[in-house]
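In what follows, a structure is listed as structure tokens, so that the remarks can point back to it.
The structure presented is a predicted model; accordingly, all values stated were derived computationally and were not measured. FYI, side chains are in, hydrogens and waters are out, and symmetry mates aren't considered; it's all heavy atoms of this structure. Chain letters run A, B, ... following the sequence lines, proteins first, then strands; residues in each count from 1.
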Number of protein chains: 2
Amino acid sequence: MNDAAATLARSGPTSANIADWIRTQIRSSRLVPGQRLVEVDIIRQTGGSRFKVREAFQRLAAEGLVEIEEFRGASVRGASEDEVRQLYQARALLEGMCARDFTVRAGAEDRKKLARLALEMEECVDSNSPEKFSRLNSEWHKLLMRGAGNAVIEDLVKRLSTPVHHLLFGTFYKGDRLREAVEDHRLIMDAIEAGDPEAAEAAMRVHVEHGHRFLSKLERAVHND
Amino acid sequence: MNDAAATLARSGPTSANIADWIRTQIRSSRLVPGQRLVEVDIIRQTGGSRFKVREAFQRLAAEGLVEIEEFRGASVRGASEDEVRQLYQARALLEGMCARDFTVRAGAEDRKKLARLALEMEECVDSNSPEKFSRLNSEWHKLLMRGAGNAVIEDLVKRLSTPVHHLLFGTFYKGDRLREAVEDHRLIMDAIEAGDPEAAEAAMRVHVEHGHRFLSKLERAVHND
DNA sequence: AATGACAATATTGTTGACGATATTGTTAAA
DNA sequence: TTTAACAATATCGTCAACAATATTGTCATT
């Protein structure tokens, strides 16, 4: 039994576990922006103590995911359209840099793994399995950043991504978007394999910008319900 | 009396105040990497309650500024050479983008303010006042990002900067570095005033990279003591 | 029925006490 | 003198009770 499991067994989830749980709820839009996070509810659903729940709130507040008001507790913070734009611009720059670095610096194993992930994702389009695609996609982006030797950037991008991913879950991934993403990935992989860092960076920027556009369209569609 | 002051008066500093205080201590290297942050000490020095101090720790941990180990509490987290490299690369990209956006989007007042700040900083070189220079410099960078309409990026860059600024304080700012920075700023201002966003972005990247080199030199010098 | 004052409840903020763990100091044996 | 075992202290993690505030419900008045 590892440490985490041991801790879990003797005294319920840790504050980090609870924070993760909340993050997941937000990403899957079981918790929507503006919604209040009542301590007792979280306690019931996670089994954590009140103290740990509050610690989790603090961490999430520092990440900008929730907002804490005096005597009103924590609530899910939504991002405005302009904030989303800035976040995606930042991502485009940072991931673009990673694509460039990966082209130059990555080891042989990471290159192979990245190619294999891309292939698996292509298969997901045919078999129409958006959840698997979503998971592989996260893996792919993470591997690209870490393989480029930029773990700090990876962490940063993760933080940037959380507050806007509440729409990109499960059934929302339609066939068109999947095909577009696969096409983008192929361009990036080609550039990497050709050893062309400039092209890899440019292609990655385009890819992230595509994601932004797709999200904007989605939000407009939801808004016009 | 504003809200913050009122709160302060009736019940001591808030957890955000304490977090700020700790951040300042770290930046001014009164707290150095590896050093443990003993709760009682912080309580004595800030007047906050233990609960609030711990909340502050959680926030700082989420920002990556301190590390929390079980039963050993919080300690200041130092950045490795490679982490510093990644942080500066991210800054170069993000601030470069802001310089570009400022050139295109900034209002007339912000442009004027930015130019005035740059002038004041030039005077600081002659009068040899590094603390004032440092303050104005922060102002200048902040204004550039906010004037570009990228407040989220500004916040992000602030977080990126904190863990590495412990050396760039007070007397470390030598005349050479000041002159170099002023020269960089002048190039950036020229590009902005000429309405050349590409040049502004490029000049800003160079400027940040200069800052990185300077810091590296400093660390090597300190290390060889 | 609509509105405002007031009470009841729900929720959060704060404090203090207690147990758990790490760190330091002490002593005795090799 | 050095080291290992043990005790003492310092520090941290957790919890439960209480205080402060917000929210909701009720009732009388218009």
Q. Counting only heavy atoms not in B:E81, do more than 12 fall under 6.0 Å of its CD?
A. no
Q) Would you say a side-chain N or O of B:R54 is under 4.0 Å from OP1 or OP2 of D:dG13? A) yes
Q) Taking only N and O in the side chain of A:S49, is any of them less than 4.0 Å away from OP1 or OP2 of D:dC15? A) yes
Q | Pair A:E139 + A:K142, salt bridge at N-O below 4.0 Å | A | yes
(Q) Please determine whether a side-chain nitrogen of the Lys or Arg among B:E180 and B:R177 lies less than 4.0 Å from a carboxylate oxygen of the Asp or Glu. (A) yes
What is the distance, to the nearest angstrom, from the [atom1] atom on [X] to the [atom2] atom on [N]?
X	N	atom1	atom2	answer
A:F57	C:dG13	CZ	P	9 Å
B:I42	D:dT11	CD1	C1'	13 Å
B:D41	D:dT11	CG	P	7 Å
A:I43	D:dA16	CD1	P	10 Å
B:R50	D:dC15	CZ	P	14 Å
B:E39	C:dT15	CD	P	14 Å
B:E69	D:dC12	CD	P	12 Å
A:K52	D:dG13	NZ	P	11 Å

With heavy-atom distances below 4.5 Å as the criterion, would you say the side chains of [X] and [Y] are in contact?
X	Y	answer
A:R54	B:E55	yes
B:R23	B:K158	no
B:L94	B:E154	no

Q: Quick one: sort the B:W140 and B:H185 rings into parallel, tilted or perpendicular, breaks at 30° and 60°.
A: parallel
Are there any protein N/O atoms within less than 3.5 Å of an N/O atom in nucleotides 22-25 of chain D, and if so, which ones and at what distance?
unit_1	atom_1	unit_2	atom_2	d
D:dT23	OP1	A:R72	NE	2.7
D:dT23	OP1	A:R72	NH2	3.3

Q.
By the 4.0 Å heavy-atom rule, please label A:E55 as base, sugar-phosphate, or nothing.
A. nothing
